[in-house]
A.B. asks: 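I have a structure here, written as structure tokens, and I will follow up with some questions on it.
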Amino acid sequence: MAKTVGAKGAKGARGVKTPKASGKYVYLFGAKTDGNGGMKPLLGGKGANLAEMCRIGLPVPPGFTITTEVCTYYYAHKRTYPSSLRPQMEAGLAAIERQTGKKFGDLRNPLLVSVRSGARDSMPGMMDTILNLGLNDQTVEALTRKTGNARFAWDCYRRFVQMYGDVVLGVQKGAGEDHEPFETVIEGLKHERYHQDIEDTKLTVDDLKELVGRFKALVKERVGRQFPASPWDQLMGAVGAVFGSWMNDRAIVYRRKYNIPTEWGTAVNVQAMVYGNTGEKSGSGVAFTRNPANGTKEFYGEFLINAQGEDVVAGVRTPEPVAQLKNELPKAYAELERIRQTLEKHFKDVQDFEFTIEDGVVYMLQTRNGKRTAMAALKFSIDMYKEKLIDWKTAVMRNPADQFEQLLAPVFDVAEVAKAKAIATGLPAGPGAASGQIYLNADRAVSASEKGQPVLLVRLETSPEDLRGMIAAEGILTARGGVSSHAALVARQMGKVCVCGAAAVEVDYATRTVNVDGQTFKEGDWMSIDGTAGKVYAGRVKTAPSEIVAGLIHDDRAARKTEKFRNFQQLMKWCDEATRMDVRTNADTPEQTANAIAFGASGIGLCRTEHMFFEGDRIDAMREMILAETLEERKAALDKLLPYQREDFAGIFRALKGHPATIRFLDPPLHEFLPQTKEQQSDLAKKLGVPASRIHSRVAQLHEFNPMLGFRGCRLGIGYPEISAMQARAVFEAAAMVQKEGIKVHPEIMIPLVGFKKELDLQLEVVHQAARDVQAEQKVKLNYMVGTMIEIPRGALTADEIAESAEFFSFGTNDLTQTALGMSRDDSGSFLPQYAELEIMKKNPFATIDTVGVGQLVETAVTRGRATRKDLKLGICGEHGGDPSSIHFFEKVGLDYVSCSPYRVPVARLAAAQAALAK
Ligand code: ADP
Ligand code: MG
Ligand code: MG
């Protein structure tokens with residue numbers, strides 16, 4: 001075994017073993033391939049899939065991957081390499097030489113390589129790829145002689161010196177510079193020699209030679225040393241730059257945001273160059289095996305003739321749609337079609353791939369699972385099931401639950417669009433409909449949206465600086481950029497409505513106006529975009545519910561016939577087959593209930609009764625009840641409230657059509673029902689015919705320092721049992737009424753904020769008494785349960801005792817999170833952002849359950865509760881009930897159901913099915 005440098009097998013921060021100096025660090029791909037697609041942790045995503053493509057016989061230029069372990073080693077050993085790396089790289093390069101018949105640094109037939117970074121997932125912030133490495137003043141002449149194409153050879157050399165100077169030597173835009181220094185040199189030369197901006201492809205051999213000379217001088221001036229001429233020096237410098245970029249600021253920020261552990265490290269790929277810039281029969285492109293925006297099974301992508309890879313995404317020239325290749329290079333197109341089929345058959349998922357055509361021959365440079373919109377994901381999954389590429393369980397898993405809500409987003413009203421005239425068209429990059437007031441920069445878009453305006457961000461093209469504006473906007477419209485542009489990429493990921501590359505849209509940043517089709521739009525004017533069709537409209541176009549909403553909720557027959565609707569129904573059917581947990585809804589009205597049932601909810605998990613007290617005259621009766629000074633007065637006021645509640649419950653029971661309803665008794669502190677300003681209080685006094693002073697003093701009396709922890713929840717029902725008695729009577733009278741109509745009713749009465757068994761027992765007595773009374777009066781037998789919310793830590797910890805009285809638990813994870821963390825949700829905005837930045841908490845605990853802390857209380861309560869009562873029914877009704885990653889946790893601890901808002905029900909059904917399948 002070779003000598004170990006530094007600490008022997010030292011353990012890293014998370015117990016990752018630091019690799020030793022010996023070992024296999026270089027994995028070949030090509031004629032002989034060491035790795036495969038399953039080795040992403042070791043070879044990075046790019047390297048593993050290059051190996052996999054070689055294994056299935058796709059045309060990949062040969063190369064090798066330096067493993068992520070070298071990255072780990074590099075940082076554990078003061079930025080040095082294991083001693084066996086260099087010999088292994090030499091052997092790797094020799095393998096490339098044998099396969100290509102070229103030699104690195106050779107003066108007859110020089111081998112050039114690309115050096116490409118590759119983490120497990122592609123990661124912005126990592127070093128950019130370097131192409132054409134191995135060129136110097138001698139090898140460029142050799143390449144010219146060998147190919148007989150001086151323009152090509154010098155174009156490669158020009159690109160190489162520029163990329164290497166920028167990425168490895170750090171010759172970049174400094175403070176006070178508007179342009180990349182190399183670009184400034186290019187522009188200078190163009191103006192000197194042609195007095196205008198010409199396309200790069202028009203530069204002559206002599207221009208390119210001059211540029212290489214000026215570039216090298218620039219490097220010398222900026223970094224104080226010569227541009228490296230030795231190919232091996234160039235190679236080692238580039239490899240070092242890739243590993244070095246793992247710790248640059250941008251990469252660190254990105255890893256923090258997406259929870260990527262530092263220990264993962266990046267791999268480096270060294271690969272023989274193939275040339276897309278040899279002339280009109282060559283080119284480079286990026287493509288998807290199917291349309292990632294709307295899911296259509298069509299070859300989708302773009303390419304540039306006579307170009308090297310970076311040109312396609314850099315936006316210097318406008319690429320052509322890939323279908324165009326059929327006319328220009330039919331043989332290459334047929335080969336790409338064959339590859340497209342092979343990729344899908346093998347990876348069994350839609351691929352996003354990069355290719356280069358050299359003199360008519362196609363080479364594959366990268367493939368990965370394509371990012372997609374929710375609409376595309378749905379269509380992909382159903383189509384691929386029908387094509388027998390995947391089974392139904394895989395199809396369920398292929399729909400990202402956290403994007404799924406996009407499918408319910410509005411579309412343009414059919415009649416309205418028919419009337420509207422499209423003023424421009426672009427690429428349909430993010431499906432959906434958006435109308436908004438236009439803004440041309442991110443800051444102004446953000447502040448307009450903060451003022452409550454629906455915003456449409458309009459730009460020539462977008463860049464990462466625009467991200468905030470893109471998040472704030474309803475939709476994004478760009479004048480330039482293709483399907484792989486930044487705007488399209490971000491829209492796909494965030495589910496934003498987006499039209500990009502609408503060339504007819506002229507954006508003028510200076511005057512903050514947009515000119516289209518002879519019309520001028522100022523900032524604040526309305527425009528509308530259809531991201532499904534790629535159309536732009538002037539003014540505001542009315543939107544209509546998505547086909548799914550229209551079909552389910554409005555029973556729209558045309559909508560039910562659409563492919564989107566049928567696919568959705570199919571997916572939900574599979575979800576039902578896979579799922580173990582039920583999905584209920586949080587609903588307080590018959591309408592919400594009916595909507596949720598249409599979305600597939602199997603009952604109500606939380607009906608908040610306090611919302612029922614705010615409408616119309618009810619609030620007056622409620623206030624009378626609160627202001628009452630004697631029991632008699634209070635009972636009189638409660639008698640007025642009883643019929644309202646009974647009607648509400650009856651409506652809900654009817655809408656439920658036999659499904660169960662968990663009804664929570666009055667929960668918030670009473671002062672929330674009283675008017676807070678002096679004027680409002682005086683108005684109320686007049687209305688009720690009482691002196692204003694009485695209201696002032698009652699409000700003052702009800703004031704609490706910490707209302708969240710004050711006189712609320714079951715404490716109200718214990719203090720004023722007549723309130724609970726009225727609510728129980730209303731529930732049971734409604735139940736009797738609806739049951740007599742022939743509809744089954746299952747009320748589940750839920751007592752909030754219980755921490756002591758005795759609290760629950762006192763309320764139980766009141767509820768059972770009301771049940772006995774109503775059953776006797778109405779001569780019916782009612783089927784009901786009484787249980788409690790577990791939402792304070794003491795309740796969770798004494799769940800075994802509480803379960804002696806409770807027939808069910810529902811975890812109120814909002815309050816449970818507040819009380820377990822000692823953090824008020826409403827005040828957390830002032831410190832949570834910093835907590836996220838410092839990684840004290842990885843996720844907002846009010847959005848995604850804190851499984852380690854709060855989750856432990858849930859698990860404890862589940863175990864203790866079930867120990868007492870084997871058939872204890874368990875559910876969750878906090879915000880977390882609609883959050884996919886929280887749902888995975890609830891599946892794990894064995895809850896019977898989750899409950900969420902009506903429009904979240906489909907998301908929860910999908911997430912619950914996926915959680916069950918993942919087990
Ligand atoms: P990224 O991770 O940014 O996609 P890549 O390493 O995939 O970077 O490189 C970007 C582009 O550079 C590729 O899409 C391809 O067009 C070009 N490229 C990389 N390696 C080679 C190569 N060996 N031959 C020709 N072009 C290459
Ligand atoms: Mg790439
Ligand atoms: Mg609560």
Side-chain angles (χ1 to χ4, degrees), residues 29-30 40 43-50 53-54 58-66 92-93 96 99-100 102 104 111-135 152 155-156 159-160 162-164 166-167 235 238-239 241-242 245-246 250-251 254 266-278 282-288 301-317 319 322 336 351-359 361-371 464 482 484-486 489:
F29 55 87
K40 295 197 173 67
L43 304 180
K46 203 179 282 168
N49 271 356
L50 282 168
M53 286 198 289
C54 288
L58 291 178
V60 177
F64 60 84
T65 305
I66 304 173
L93 210 59
I96 303 179
Q99 290 172 71
T100 56
K102 301 175 184 178
F104 201 43
L111 168 71
L112 305 189
V113 295
S114 66
V115 177
R116 320 168 63 186
S117 64
R120 282 190 209 186
D121 284 315
S122 84
M123 221 181 88
M126 289 303 299
M127 192 202 78
D128 290 328
T129 294
I130 290 172
L131 303 180
N132 313 318
L133 186 140
L135 279 175
F152 154 71
D155 185 47
C156 289
R159 289 167 185 270
F160 169 58
Q162 181 172 353
M163 284 184 182
Y164 197 93
D166 172 357
V167 177
L235 181 58
V239 169
V242 174
S245 71
W246 183 248
R250 257 178 70 193
Y254 182 86
T266 181
V268 184
N269 299 289
V270 177
Q271 187 177 27
M273 281 301 298
V274 286
Y275 305 103
N277 58 334
T278 59
S282 301
S284 282
V286 291
F288 287 82
E302 53 197 15
F303 78 103
L304 271 176
I305 288 286
N306 197 9
Q308 281 197 330
E310 301 291 342
D311 299 353
V312 183
V313 267
V316 242
R317 286 160 59 195
V322 86
L336 279 169
Q351 296 295 296
D352 166 358
F353 65 95
E354 301 175 6
F355 62 92
T356 281
I357 303 172
E358 178 181 326
D359 298 325
V361 182
V362 175
Y363 293 94
M364 290 295 290
L365 293 167
Q366 189 172 349
T367 190
R368 59 189 155 192
N369 294 340
K371 289 256 179 348
S484 45
S485 69
H486 179 258
L489 221 93

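On a predicted model such as this, the values are computed, not experimentally measured, just so you know. In what follows, residues are counted from 1 in the order of the sequence shown. In listed order, ligands and their atoms are each counted from 1.
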A.B. asks: When rounded to the nearest 0.5 angstrom, what distance separates CE in Met273 from CD1 in Ile130?
C.D. replies: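 Reported value, rounded in 0.5 Å steps: 11.5 Å.
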
A.B. asks: Compile the protein residues with any heavy atom at a distance under 4.0 Å from an atom of ligand 1; present them by chain, then by number.
C.D. replies: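 Within 4.0 Å of ligand 1, protein side: Lys46, Ser114, Arg116, Thr129, Leu131, Gln271, Ala272, Met273, Val274, Gly309, Glu310, Glu354, Leu365, Gln366.
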
A.B. asks: Counting backbone and side-chain atoms alike, does Gln366 have an N/O/S atom under 2.8 Å from the Mg ion (ligand 2)?
C.D. replies: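 Short answer: yes, at least one N, O or S atom is under the cut-off.
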
A.B. asks: With no hydrogens and no angle check, is any side-chain donor or acceptor of Ser117 less than 3.5 Å from a backbone partner on Val268?
C.D. replies: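 No; zero donor-acceptor contacts below 3.5 Å.
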
A.B. asks: Has the side chain of Ser282 got a donor or acceptor atom that lies under 3.5 Å from a matching backbone atom of Asn306?
C.D. replies: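 A pair under 3.5 Å: no.
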
A.B. asks: Determine yes or no for a side-chain-to-main-chain donor-acceptor pair under 3.5 angstrom, with Thr367 supplying the side chain and Phe353 the backbone.
C.D. replies: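 No, the answer is negative, given that no donor and acceptor are paired below the 3.5 Å cut-off.
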
A.B. asks: Once rounded to the nearest 0.5 Å, what's the spacing between atom CD of Glu354 and atom NZ of Lys46?
C.D. replies: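 Glu354 atom CD to Lys46 atom NZ measures 7.0 Å (nearest 0.5 Å).
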
A.B. asks: Using every non-hydrogen atom in the two residues, find where Val242 and Ser245 come nearest and quote the distance to one decimal.
C.D. replies: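 Distance-wise, the nearest heavy atoms are O-OG, 2.7 Å.
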
